[in-house]
Every structure is written in C-alpha cells, then in structure tokens.
Amino acid sequence: MYPAPREPRQPGPSRAFRAIMRDPPQAPQHAGSTRMNIVAIRDALAGRIDAGAPVTVRGWVRTRRDSKAGLSFVNLHDGSCFEPIQVVAPATLANYESEVRHLTAGCAIVARGTLVPSQGKGQAFEVQADAIEVLGWVDDPETYPIQPKPHSMEFLREVAHLRPRTNTFGAVTRVRHCMAQAVHRFFHERGFYWVNTPIITTSDAEGAGQMFRVSTLDLANLPRDERGGVDFRRDFFGRETFLTVSGQLAVEGYCLALGKVYTFGPTFRAENSNTTRHLAEFWMIEPEIAFADLDDDADLAEDFLKYIFKAVLDERGDDMAFFADKLEKTAVSRLEAFLAAPFARIDYSEAIDILEKAPRKFEFPVGWGADLQTEHERYLSEEHVGRPVVVMNYPEHIKAFYMRLNDDGRTVAAMDVLAPGIGEIIGGSQREERLDVLDRRMAQFGLDPAHYQWYRDLRRYGTVPHAGFGLGFERLVVYVCGLANIRDAIPYPRAPGVAEF
RNA sequence: UCCCGAGUAGCUCAGCCGGUUAGAGCAUCUGACUGUUAAUCAGAGGGUCGUCAGUUCGAGUCUGACCUCGGGAGCCA
C-alpha cells in the first residue's frame, strides 16, 4: 500500500530546516551562504559555481521523472530565476523508494550533492544528489492546484496564494521587482528624492475618482452633529478622512523645496469599475520637478519609460523570453522598438486635425474640445505615428484645475504619453504656479479655496514653474509582461467584490 | 454601473434536434519501459453537469430568477 512511506510527512524541525532558519535573512547576494554550500539555482545554472563543487539547493518540486536505470530526475525551482534545476536522485539514496519516488509537484525539498555538467540535453548543469530531505509534502497531490501544465489565468486568480509557484507568476514577480528597482534607480541617479506622501488624506476634490473612507466610528451607532449629519469631529482624526487617490498635491510642497522628487506608493480608488485595466488598490509613480515646463516633463517621461524597459531587457532576459514565447509574441520586440526611436510630440489641436482627416470611422466623434477616446489614442500611436507619441496642450475644460493655463487662454499645459498596444501610459502637466490664475481655476471648478490653503501657500511663497506626471505601476507591468488583465500584475488584486487573500 | 458571453472530473474542454450507464486529454494511483526533459505505453479510481424553481413521460441539453467568472463600454492610472 502507498500510505506507509507517507509517515515522515510531519517531522519535527529537521537539521536542514534549522539550517534554513539560521541562514542570514539578507544574504549579500544570490551566492548565498558558504555554510552547507547553499546556492541559488540561478547561480548554479549560470556557471558561477565550479563544476564538481559540493552544493545544496532548496526549493519546490515542479516535476519528477523516474528512470529504471536507477535514478529519478527532480526539477526544482527556488524563485531565483526562470529555469528550474534538474536534481538527479540515484536509487541508492536511503529514502529513494520511501520518499523520493513519491515526490509530486509542489513538494519542498533540500537536495545536497555535487554540481556537475549535465549528461542530458536541456541544461548545462545539474545536481547529482547525495541526499534529499523532504521538508514539506503536498497534502493531496490530485487536488494540488498547480500542475505541470498550462492553467487559465482565471483559475490561477482563485488560488492567488499558490500562483507564484507557476512559471508565469514567478516571472511576473521578478519582472515587477526589476521594474520597481529600476524606478528608484532612475530617479536616484538623477538626484530625485523619494517622498512618501500620506496614505490617509483629507483631500476629497482632486477629481481623481471615488475615495475609500477611513474611520473608526461605530457604524452601528454613528454620532450626529447639529444638522443630523455624521459628526466627523468625533472620528479618529477629528475630521472626514480617506485613502489617498494621488500624492501629487502633497509632493508639490517637497518639489518646491528639494527640486526633484517623486512618489512611489499605494493608491486607492473606490470606483466601481470592473475592467482589465483597473484596480481598487494599485501603485502609482508621480515625479515632480521644479524650474521645469511641459517640454522638460515630456523629456523626463520619455527617459523614464526607456530606462525601465531597458532595465527589464538587460536584467530579465529569461523571464521576457518566456513571455514572448507563451503570452505575447511581441513582448520583447515591442520594448526594443520602444527604445529605438524618439517619441513623437504633437499638439492636441494637431491631433484633432489628424483624427478628423483619418481615413477611417471612429465610434466616438472627433472634435476640438472633446477628450480623446481610447480608439483615438490607439490610432494616433499605432497607425498614424507608429511609435509612442506625446499629445500636449489639451482644452482647459477637460483637464484638472491645477494644470497651467496656456497663453491662448483655452488650453492647459497637459500631456499624455500614448504608446502602441496600450494607449495612454502616462499623464502629466505643468502646474499652475500663478496664484491669481489658480484661484480663478478653482472657482471655475467649484472648489472651495479654504480646503486648499496649504496648496495656495506654495504659490504665495517662492513659487516657480514646475511640472510632473503620474503613471500606474501595474499598467506598466501589464505592458512589459504582455499580460491581458491588470489583476495578474499585482500579487493579491483588490477590485470591486474582490478582497480575498 | 450598463451590454454580451460562460459555468460539465483536481485542471482544460467535448457532449448533436430533450431520450439507455455523461466522455477525452492532462493530473493522481498501479504496472511496464527509458539519462529523462510538460517523457512514453497500459490499466484503475475520480461527476449532486453553478444554485433554485419551472416546462416535459423524461432535462447536462429548453425557460426564468439568482450566484460566480470572463470580455467589452463608461470612469480612469
């Protein structure tokens, strides 16, 4: 019967397990600890470890193949790179029949042995095992969700805690990390400071959508004010508060003191939008530069995107090759094309001209004063220009109050970066730095200046021209990886009705 | 929120015009075979056909409501 060898499945802490616990949590590099020769699979496969060296690899089983020649092949992944390593387990191992032959996808093991050139095809190196210790069995192999076969992305969303074990989500995770590191590196190298703007805010009129309320009031017994409304003076902060929808207004204060700053943090929108492009919780990047106009802003946006894409191509070739192979054929080539040419730049008015003369029909009408629809944006970047294009100077009434009014009095210094395959990827503007004009704009938008005294102060005390832009990090991840749904670009997505895990 | 589509084995799916005991591939288990590469071959187990109601002699199949998921639109990053 089969169950007998399963006995050791709930062992006490083994020696290997205790060793893992002792392993420095922040090993300086992938080379790992010299104690026990623990190595990352990435280093073993890349030839950074001498052939013949004793090695220990730790990870999760992807597949097991048995050979009657007296050995089994165990493919092991540990997250350090896309490829798993092949562990060759000879039948002479003490637990070969009792344990090794029963390994299934998802089992956690520690394999000690020797790194050797592979006798088989498909990999340069493999681990010839002297010992294999099973740290964690898979409770019920038949119902273990992650099988060595293609799964639908829809199914994997239902097992968001296990999907990082798949090729796809391992790759997305590494690429996302690479991009986040590149974001910080890009700004740091250019003298920007990372500013952490508040997550809890009182600004409720940034025009960026519905907000999540933050409150400690007892919902079943709300305090009332004189007029019968909810008395937020009794709430935690003594006033009504929400989760941030943007750090831009707050970061402007730091921009007008430190010159070049950016935010990179979580952002929340309570819109009931159920699409492949929206999340209720996402990460936004918002640089803000002083002594800068809209052209400086567009330059920064172009440099920024190219830097991120280049970093991914340079550092994550293994994962990108997988995306190009399995998810989106042009995953790599379109990034290369993106890097190859300068962005086009056109005025909004020019864009309207182009669209009106376009040899095709649009579902939504085109006309000066109307905002560009997704179909318009795609036509401009994909068909008319054929590469990323920055559209600048939009009609003032379709853009936010803080955008700088141009001399023509009917446009503002706003820009959208449109890219083939995605449409709008970045939105930005030069900010209105003149107090009198800002006040007029706020009145025009029906905003109460009393709520923006601190923002107005920035125009009263040493105001200078400044500009910035914002982009949703996950949308960038979607584009880079060739994903179809933004819920696959973040570990545990939050969306209307979706807050499991 | 609106429009459209889909829910059948652990996963991916087939199932005709309503009619006998609901099938396949993968996965799992057993056996054979092999330095194997998502191995191969043979066999076995595995199903309240999303839920509830209705039509019918008879419903996986037709009708309605609901639930869940997906795609599109709007909003936007």
Side-chain angles (χ1 to χ4, degrees), chain A residues 1-3 62-75 83-91 101-102 104-106 116-123 126 128 138-159 162 166-167 206-210 244-248 263 266-286 326 363-364 371-375 377 398 400 416-417 422-428 469-479 484-487 489-490 495-498 500:
Chain A
M1 288 294 287
Y2 175 68
R62 190 150 269 151
T63 60
R64 187 201 83 242
R65 295 177 295 277
D66 302 320
S67 167
K68 262 297 169 353
L71 64 165
S72 290
F73 301 96
V74 179
N75 272 36
E83 291 294 334
I85 198 167
Q86 177 159 281
V87 175
V88 182
R101 290 252 297 153
H102 300 289
T104 57
V116 298
S118 180
Q119 295 175 37
K121 291 175 181 172
Q123 60 277 318
E126 63 192 17
Q128 183 71 37
V138 163
D139 183 51
D140 179 2
E142 187 170 4
T143 57
Y144 179 65
I146 309 301
Q147 300 169 4
K149 55 164 279 189
H151 289 95
S152 68
M153 299 295 266
E154 293 79 17
F155 169 71
L156 291 172
R157 274 171 222 145
E158 296 171 11
V159 286
L162 295 172
T166 62
N167 283 331
E206 289 166 15
Q210 291 294 304
T244 183
V245 293
S246 165
Q248 182 208 311
T263 70
T267 309
F268 308 87
R269 303 271 170 95
E271 296 288 348
N272 187 12
S273 47
N274 213 316
T275 80
T276 56
R277 303 178 302 283
H278 290 84
L279 289 168
E281 177 183 287
F282 63 100
W283 287 63
M284 192 149 67
I285 300 158
E286 298 168 295
K326 300 291 185 193
E363 187 184 343
F364 291 89
D371 210 353
L372 299 181
Q373 299 291 322
T374 302
E375 57 172 346
E377 297 179 340
I398 60 172
D416 283 346
V417 179
I422 20 175
E424 182 186 335
I425 185 69
I426 282 183
F469 62 78
L471 82 158
F473 186 51
E474 284 76 16
R475 288 190 177 176
L476 206 56
V477 174
V478 162
Y479 181 66
N485 192 315
I486 201 167
R487 297 180 188 192
I490 191 169
V498 178
E500 212 189 343

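Naming convention: chains lettered A, B, ... in sequence-line order (proteins, then strands); numbering from 1 in each chain.
When each of U12(B), G35(B), G10(B) is scored by its nearest atom to the side-chain atoms of Gln147(A), the top-ranked nucleotide is G10(B). Among G70(B), G35(B), U12(B), the nucleotide with an atom closest to any side-chain atom of Lys149(A) is U12(B). Distances were taken from every side-chain heavy atom of Arg269(A) (C-beta onward) to each of A38(B), C76(B), U37(B); the shortest belongs to C76(B). Relative to the side chain of Ser273(A), the nucleotides A73(B), C75(B), G35(B) differ in distance, and C75(B) lies closest. Side-chain atoms of Ser67(A) lie closest to U34(B) of the nucleotides A73(B), U34(B), U12(B).
Partner assigned to G54(B) is C62(B), using Watson-Crick or G-U wobble distances below 3.5 angstrom. Pair assignment for G7(B): C67(B), on the basis of Watson-Crick or G-U wobble contacts that are both within less than 3.5 Å. Within the shown strands, A73(B) is the pairing partner of U1(B) under the Watson-Crick or G-U definition, both distances less than 3.5 Å. With a 3.5 Å ceiling on both atom-pair distances, U20(B) lacks any Watson-Crick or G-U wobble partner. Pairing partner, C33(B): none, since no Watson-Crick or wobble contact has both distances short of 3.5 Å. G45(B): no Watson-Crick or G-U partner with both key distances under 3.5 Å is found in any strand. In this structure A39(B) sits in no base pair that meets the Watson-Crick or G-U test at under 3.5 Å.
Comparing the same atom, C1', in G23(B) and in A32(B) gives a spacing of 26 Å after rounding to whole Å. Nucleotides A65(B) and A73(B), compared at atom P, are 26 Å apart to the nearest Å. Nucleotides G45(B) and C62(B) have their C1' atoms positioned 34 Å apart, rounded to a whole Å. G15(B) and U30(B): their P atoms are spaced 34 Å apart (whole Å). Taking atom P on both nucleotides, G58(B) is separated from U20(B) by 15 Å, rounded to a whole Å. Rounded to the nearest Å, the gap between the P atom of U28(B) and that of G64(B) is 42 Å. For U55(B) and U8(B), the P atoms lie 27 Å apart once the distance is rounded to whole Å. The C1' atoms of C41(B) and U34(B) are separated by 11 Å, rounded to the nearest whole Å.
As judged by a 4.0 angstrom heavy-atom cut-off over every strand, Leu279(A) is placed among the base-contacting residues. Contact annotation for Thr267(A): no contact, since no heavy-atom pair falls under 4.0 Å across all strands. Using a 4.0 Å heavy-atom criterion, one finds that Glu286(A) contacts no nucleic acid atom at all. As judged by a 4.0 angstrom heavy-atom cut-off over every strand, Asn485(A) is placed among residues touching the sugar-phosphate backbone only. The residue His278(A) sits close to a base: some heavy atom pair falls under 4.0 Å. Within the nucleic acid shown, Glu375(A) has no heavy atom closer than 4.0 Å to any nucleic acid atom. Using a 4.0 Å heavy-atom distance criterion, Thr63(A) is classed as a sugar-phosphate-only contact. Backbone-only contact: Arg487(A) has heavy atoms under 4.0 Å from sugar-phosphate atoms and none from a base. Among the atoms of the strands shown, base atoms are found under 4.0 Å from some heavy atom of Gln86(A). Using a 4.0 Å heavy-atom cutoff across all strands shown, Gln123(A) reaches at least one base atom of the nucleic acid. The residue Gln119(A) sits close to a base: some heavy atom pair falls under 4.0 Å. Heavy atoms of Tyr479(A) sit nowhere under 4.0 angstrom from any nucleic acid atom. Heavy atoms of Ser118(A) sit under 4.0 angstrom from at least one base atom. Residue-level contact check: Arg277(A) touches the bases, meaning some heavy atom is under 4.0 Å from a base atom.
Phe155(A) pairs with exactly one of Met153(A), Arg157(A), Glu158(A) by the side chain to side chain contact (heavy atoms under 4.5 Å, CB included) rule, that one being Glu158(A).
Put simply, CZ on Arg157(A) is 18 Å from P on G7(B), counting in whole angstrom units. Across the protein-nucleic acid pair, Leu471(A) atom CG and C76(B) atom P stand 17 Å apart, rounded to whole Å. The nearest whole Å value for the distance from the CD atom in Glu271(A) to the P atom in C2(B) is 16 Å. Between the P atom of A38(B) and the CG atom of Asn75(A) lies a distance of 8 Å, rounded to the nearest Å. One can place NE2 of His151(A) at 8 Å from C1' of G10(B), the figure rounded to the nearest angstrom. One atom, CG of Asn274(A), and another, P of A73(B), lie 13 Å apart when rounded to the nearest Å. Across the protein-nucleic acid pair, Glu83(A) atom CD and A38(B) atom C1' stand 13 Å apart, rounded to whole Å. Glu154(A) places its CD atom 18 Å from the P atom of G5(B), with the value rounded to the nearest Å.
A donor and an acceptor atom, one from each side chain of Thr267(A) and Arg269(A), are nowhere located under 3.5 Å apart.
Within the structure, a side-chain polar atom (N or O) of Arg65(A) is placed less than 4.0 Å from OP1 or OP2 of A39(B). Between Thr276(A) and G72(B) there is a side-chain N or O to OP1 or OP2 distance below 4.0 Å.
The nearest pair of heavy atoms linking Ala489(A) to Val477(A) is CB-CG1, 3.7 Å. Here the closest non-hydrogen pair linking Gln86(A) and Asn75(A) is OE1-OD1, 3.8 Å.
Using a distance-only test at 3.5 Å, with no hydrogens or angles considered, a donor-acceptor pair links the side chain of Glu271(A) to the main chain of Gln210(A).
One distance of note links OG of Ser72(A) with NE2 of His102(A); it measures 10.0 Å at 0.5 Å rounding.
Where Phe473(A) and Ala69(A) each meet RNA chain B at their nearest nucleotide, the meeting point lying more 5' is that of Ala69(A). Heavy-atom nearest nucleotides on RNA chain B were determined for Thr143(A) and for Gly122(A), and the one closer to the 5' end corresponds to Thr143(A).
Look at Asp66(A) and Arg64(A) and you find a salt bridge, because one of the NZ, NE, NH1 or NH2 atoms lies within 4.0 Å of a carboxylate O, short of that distance.
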